[in-house]
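Let me begin by presenting the structure, written as structure tokens, before commenting on it.
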Amino acid sequence: MNKGKVLLATSALLLSAGVLAACSGGKSSSSGGQTFSYVYTQDPDTLDYSISNKKSTSEFTGNAIDGLLEVDKYGNLIPSLAKDWTVSKDGLTYTYKLRKGVKWMTSEGEEYGGEVKAQDFVTGLKHAADKKSQAIYLVQKSVKGLDDYVNGKTKDFSTVGVKAVDDHTLQYTLNQPESFWNSKLTTATMMPVNAKFLESAGKDFGSVKPNGILYNGAYILKSFTSKSQIELEKNPEYYDKKNVHIDTVKLTYFD
């Protein structure tokens, strides 16, 4: 699989580790691992990936948070945390089977609250709706009941068409068939959020510091100094770590 994202590039700043592994931009660190050094041009004002549609957020959290699907270097949708899925005959119900053993990790590299579960995707969408995510419009008219919830016509999120059938089965119900629905699952609005961490962090969830969020992706944010330097390290518990070929990413601020 073409897994593991690394910060790089000119405009989008996001390439897969498979691409980066094939280039010579990295260098060996003193510990023998690979380090990639580059620049960044703008500090993020939040790490709350569910509500921010800004590049300054996504270029960092895109390497730290995995969703159900992702886009490979050729622009094709490929499985990420969803190992497979089915679609009902009427095209309205999508059911996703999640990988087992994908862990939530803290910035200290410690496991938090066990596996990433289907309920985390329900929590993520509710958080995005409650906080009026900048990109909620992408799915607001797609998911059954979501538009009414966002507009305050109902306060009961259980009426929204997203359901954790069990720990590793997630289901979305749409208003109408959408052949491009799966592509929307790559947007940050559809990423998972751990409910226990969200509640404990409160208003500090998404604050711009390593412990502002949890991590389930290829990299963990280890340090951040505003307008100076950002450092990410390979997630030692990442489910597909064998395909993440860069151990450390160091970015230096350049305006």
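We use all heavy atoms of the structure for the numbers below, so side chains are in, but hydrogens, waters and symmetry mates are not.
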Might you work through the side chain to side chain donor-acceptor pair (under 3.5 Å) test for Glu70 and Thr186, ending with a clear yes or no?
CA-CA 5 Å; Glu70 67 177 15; Thr186 65; over 6 Å; no

Between [X] and [Y], is there a donor-acceptor pair closer than 3.5 Å when you use the side chain of the first and the backbone of the second?
{"X": "Asn151", "Y": "Asp148", "answer": "no"}
{"X": "Asp66", "Y": "Gly217", "answer": "no"}
{"X": "Thr57", "Y": "Thr46", "answer": "yes"}
{"X": "Thr106", "Y": "Glu110", "answer": "yes"}
{"X": "Ser228", "Y": "Thr225", "answer": "no"}
{"X": "Lys126", "Y": "Phe157", "answer": "no"}
{"X": "Tyr49", "Y": "Pro192", "answer": "yes"}
{"X": "Asp255", "Y": "Gln42", "answer": "no"}
{"X": "Thr123", "Y": "Gln119", "answer": "yes"}
{"X": "Asp247", "Y": "Gln34", "answer": "yes"}

Would you please test Phe121 and Leu98 for side-chain contact (heavy atoms from CB on, under 4.5 Å) and show each step?
CA-CA 11 Å; Phe121 288 88; Leu98 273 61; 3.7 Å; yes

Consider side-chain hydrogen bond (donor to acceptor under 3.5 Å, both in side chains). Of Lys100, Arg99, Lys103, His168, which one does Glu115 pass it with?
His168

Can you find a pair of side-chain heavy atoms, one from [X] and one from [Y], that are under 4.5 Å apart?
{"X": "Gln140", "Y": "Leu138", "answer": "no"}
{"X": "Val249", "Y": "Tyr38", "answer": "no"}
{"X": "His127", "Y": "Asp48", "answer": "yes"}
{"X": "Leu146", "Y": "Val139", "answer": "yes"}

One pair to check against ring-ring contact (aromatic ring centres under 6.0 Å, His included): Tyr40 and Tyr253. What are the steps and the verdict?
CA-CA 5 Å; Tyr40 76 101; Tyr253 181 77; 5.4 Å; yes

So Ile65 and Asn216, side-chain contact (heavy atoms from CB on, under 4.5 Å) or not? Walk me through it.
CA-CA 5 Å; Ile65 307 296; Asn216 69 12; 4.0 Å; yes

Charged N to carboxylate O under 4.0 angstrom, Asp84 versus Lys97?
no

Side-chain heavy atoms nearer than 4.5 Å, only ILVMFWY residues, links allowed to pass through others: does that put [X] and [Y] together?
{"X": "Val165", "Y": "Val122", "value": "no"}
{"X": "Leu221", "Y": "Phe197", "value": "yes"}
{"X": "Leu214", "Y": "Ile51", "value": "no"}
{"X": "Leu92", "Y": "Val87", "value": "no"}

Is there a side-chain contact (heavy atoms from CB on, under 4.5 Å) between Leu68 and Ser80? Walk through the geometry before answering.
CA-CA 5 Å; Leu68 294 171; Ser80 185; over 6 Å; no

[X] [atom1] to [Y] [atom2] distance, which is reported to the nearest 0.5 Å:
{"X": "Tyr219", "Y": "Met105", "atom1": "OH", "atom2": "CE", "answer": "15.0 Å"}
{"X": "Asn194", "Y": "Asp120", "atom1": "CG", "atom2": "CG", "answer": "5.5 Å"}
{"X": "Phe36", "Y": "Leu232", "atom1": "CZ", "atom2": "CG", "answer": "12.0 Å"}
{"X": "Ser223", "Y": "Glu231", "atom1": "OG", "atom2": "CD", "answer": "4.5 Å"}
{"X": "Leu47", "Y": "Asn211", "atom1": "CG", "atom2": "CG", "answer": "10.0 Å"}

Assess, by modelled atom type and distance only, whether the side chains of [X] and [Y] contain a donor and an acceptor separated by less than 3.5 Å.
{"X": "Ser142", "Y": "Lys184", "result": "yes"}
{"X": "Ser50", "Y": "Ser133", "result": "no"}
{"X": "Asp166", "Y": "Thr169", "result": "yes"}
{"X": "Gln171", "Y": "Thr95", "result": "yes"}
{"X": "Thr154", "Y": "Asp156", "result": "no"}

In sequence, state the C-alpha distance, the side-chain angles, and the governing distance for Tyr149 and Asp130, and then conclude on side chain to side chain donor-acceptor pair (under 3.5 Å).
CA-CA 9 Å; Tyr149 184 83; Asp130 288 342; 2.6 Å; yes

Residues in side-chain hydrogen bond (donor to acceptor under 3.5 Å, both in side chains) contact with Thr173, at least two apart in sequence or another chain:
none

Determine whether Gln134 and Ile136 satisfy the following criterion, side-chain contact (heavy atoms from CB on, under 4.5 Å), listing intermediate values before the conclusion.
CA-CA 6 Å; Gln134 295 169 352; Ile136 194 70; over 6 Å; no

Please find the pair of heavy atoms, one from [X] and one from [Y], that lie closest to each other, and give the distance.
{"X": "Ser183", "Y": "Phe180", "result": "OG-O, 2.5 Å"}
{"X": "Asp147", "Y": "Lys141", "result": "OD1-CE, 3.4 Å"}
{"X": "Ile220", "Y": "Pro236", "result": "CD1-CD, 4.4 Å"}

Test log, rule side chain to side chain donor-acceptor pair (under 3.5 Å), inputs Asp90 and Ser88
CA-CA 5 Å; Asp90 61 8; Ser88 61; 2.5 Å; yes

Take a 6.0 Å sphere around NZ of Lys163 and say whether it holds more than 12 heavy atoms from other residues, nucleotides or ligands.
no

Any cation-pi pair here, Lys196 with Tyr112, using under 6.0 Å and within 45°?
yes

Across all chains, not counting sequence neighbours, the side-chain contact (heavy atoms from CB on, under 4.5 Å) partners of Thr252 are Gln229

Which residues pass the side-chain contact (heavy atoms from CB on, under 4.5 Å) test with Ser226, not counting sequence neighbours?
Asp43, Phe224

Taking Tyr172 as the fixed residue, which of Thr93, Leu185, Val160 is the one that meets the side chain to side chain contact (heavy atoms under 4.5 Å, CB included) rule?
Leu185

Which class fits the ring pair Tyr94 and Trp181: parallel under 30°, tilted 30 to 60°, perpendicular over 60°?
tilted

Report the relative orientation of the aromatic rings in Trp85 and Tyr96; use parallel for angles under 30°, tilted for 30 to 60°, perpendicular for over 60°.
tilted

